[in-house]
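Okay, so here's the structure we're looking at.
Order of the sequence lines fixes the chain letters, A, B, ..., with proteins taken first and strands second; residue numbering starts at 1 for each chain.
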Amino acid sequence: MPELPEVETVRTGLTPWVVGRRLHTVEVRHPRAIRRHVPGATHFADVLAGRTITDVRRRGKYLWLPLDSGDAIIGHLGMSGQLLIQPGEAPDETHLRVRFGFDDDGPELRFIDQRTFGGLSVSSGGAELPSEIAHIARDPLDPLFDDREFAARLRRRRTEIKRALLDQSLISGVGNIYADEALWRAKLHGARPTDALTGPAVARLLGHVRDVLSAAIKEGGTSFDALYVNVNGESGYFDRALNVYGQEGLPCARCGTAVRRESFMNRSSFSCPRCQPRPR
DNA sequence: CTCTCCTCCTGATCGC
DNA sequence: TGCGATCAGGAGGAGA
């Protein structure tokens, strides 16, 4: 499940393989992989031919690849999207959606996506920051992330802290796994109302969010199954360091109490009943 | 404007 | 063995 550490691992992995290379043929194998690209899949392929990729950038869980034309390829991995560097002769993956061939006949870039929640598009003039993702907030590892502004906006909200952490327009890059892990580290239950959090509590939580994201990047992200891998097809190792996510019934590493699972927005939240008491 | 919730999708797994 | 139900969940957009 790609969140910031997984997308960042893909970004850094991709950079040396694609920057400076000129696209030759782009083949769209599944039209649904081209998302919110109004002119359609054929236009997507045509407009990219002959363009050179100049960088690989990220905002939250979105990637974009600026082009020498001033446009950019936007990509989101969704639940199961992968960007792989593969030799052109490698057999087609089962869920191969798009393949990018280059002028130099070197390894190609492939977009593979089982559940098709991910997708690609071209942003016209979006090399600096595509307008399509301008509503996504900076992530907490971004040097320009504004802690004070975040705290102020958070306390203005009338919602719960976990919902706020998952709101990409408030803070980006955090998904279900790292939200649960950061809340456990901060000893906060996800249902805590945001407007009652003190300034120091928000600062502590932000510190834990940063710590868990940074630690996960060091491990190459979290892989539960073959759905998330880096650009060379390798798994990340942060699943070994998870304290609550997916650990229902196992003892809390701090106090030994069995980790609980609760339903939340049609999915699951994991927490320690003792360290993270539910607000009354 | 703000907030909540539904929907998109496929494959693994489980119970009958 | 087979088949239906359930779960996984990011993000946009509908609806309140």
- For the residue pair Phe150(A) and Phe145(A), categorise the inter-ring angle as parallel (less than 30°), tilted (30 to 60°) or perpendicular (more than 60°).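 The rings of Phe150(A) and Phe145(A) sit tilted, inter-plane angle from 30° to 60°.
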
Round to the nearest Å and state the distance from [X] atom [atom1] to [N] atom [atom2].
| X | N | atom1 | atom2 | value |
| --- | --- | --- | --- | --- |
| Glu262(A) | dA8(C) | CD | C1' | 18 Å |
| Glu160(A) | dC5(B) | CD | P | 9 Å |
| Lys61(A) | dA11(C) | NZ | C1' | 8 Å |
| Glu93(A) | dG11(B) | CD | C1' | 17 Å |
| Ile171(A) | dA11(C) | CD1 | P | 13 Å |
| Arg97(A) | dC9(B) | CZ | P | 11 Å |
| Met265(A) | dC6(B) | CE | P | 10 Å |
| Met79(A) | dG11(B) | CE | C1' | 11 Å |

[X] and [Y]: which non-hydrogen atoms are nearest, and at how many Å?
| X | Y | value |
| --- | --- | --- |
| Ala216(A) | Phe238(A) | CA-CD1, 3.5 Å |
| Ile171(A) | Ala137(A) | N-CB, 3.8 Å |
| Ser169(A) | Arg157(A) | OG-NH2, 4.2 Å |

Nearest to the side chain of [X] - [options]?
| X | options | result |
| --- | --- | --- |
| Asn176(A) | dG11(B), dG10(C), dC3(B) | dG10(C) |
| Glu3(A) | dC3(B), dG10(C), dG11(B) | dG10(C) |
| Arg157(A) | dT4(B), dC3(B), dT10(B) | dC3(B) |
| Arg261(A) | dG11(B), dG10(C), dC7(C) | dC7(C) |

Are [X] and [Y] close enough for a salt bridge, meaning some N to O gap below 4.0 Å?
| X | Y | value |
| --- | --- | --- |
| Glu219(A) | Arg240(A) | no |
| Arg59(A) | Asp142(A) | no |
| Arg210(A) | Asp147(A) | yes |

- Would you mind telling me which residue lines up with the more 5' stretch of DNA chain B, Thr94(A) or Arg156(A), judged by nearest nucleotide?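 It is Arg156(A), whose closest nucleotide lies nearer the 5' terminus.
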
- Would you kindly compare Asn266(A) and Asp167(A) by the position of their nearest DNA chain B nucleotide and give the one closer to the 5′ end?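 The residue closer to the strand's 5' end, by nearest nucleotide, is Asp167(A).
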
So, is [X] close to the [N] phosphate, meaning a side-chain N or O under 4.0 Å from OP1 or OP2?
| X | N | result |
| --- | --- | --- |
| Arg267(A) | dT6(C) | no |
| Arg163(A) | dC5(B) | yes |
| Gln168(A) | dA11(C) | yes |
| His95(A) | dC9(B) | no |
| His76(A) | dA11(C) | yes |

- Knowing that exactly one of Glu108(A), Arg99(A), Glu93(A) qualifies, which makes a side-chain hydrogen bond (donor to acceptor under 3.5 Å, both in side chains) with Gln86(A)?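 The passing option is Glu93(A).
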
- Query: Do any of residues 115-125 of chain A sit with a heavy atom less than 4.0 Å from DNA chain C, and if so which?
  - Reply: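 Under 4.0 Å from DNA chain C: Arg115(A), Phe117(A).
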
Detail all sub-3.5 Å separations between protein N/O atoms and N/O atoms belonging to nucleotides 12-16 of chain C.
| residue | atom | partner | partner atom | Å |
| --- | --- | --- | --- | --- |
| dG12(C) | OP1 | Tyr62(A) | OH | 2.5 |
| dG12(C) | OP2 | His135(A) | NE2 | 3.3 |

- Inter-residue atom distance Leu227(A).CG - Leu77(A).CG, 0.5 Å rounding: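 Answer rounded to 0.5 Å: 11.5 Å.
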
- Mind checking Ser268(A) for me? I need base, sugar-phosphate or nothing, with any heavy atom below 4.0 Å counting as a touch.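 Since only primed, P, OP1 and OP2 atoms lie under 4.0 Å of Ser268(A), the category is sugar-phosphate.
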
- Task: Check each of Asp55(A), Val56(A), Asp71(A), Ile133(A) against Trp64(A) using the side chain to side chain contact (heavy atoms under 4.5 Å, CB included) test, and report the only one that passes.
- Result: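 That would be Ile133(A); it is the only one of Asp55(A), Val56(A), Asp71(A), Ile133(A) passing the side chain to side chain contact (heavy atoms under 4.5 Å, CB included) with Trp64(A).
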
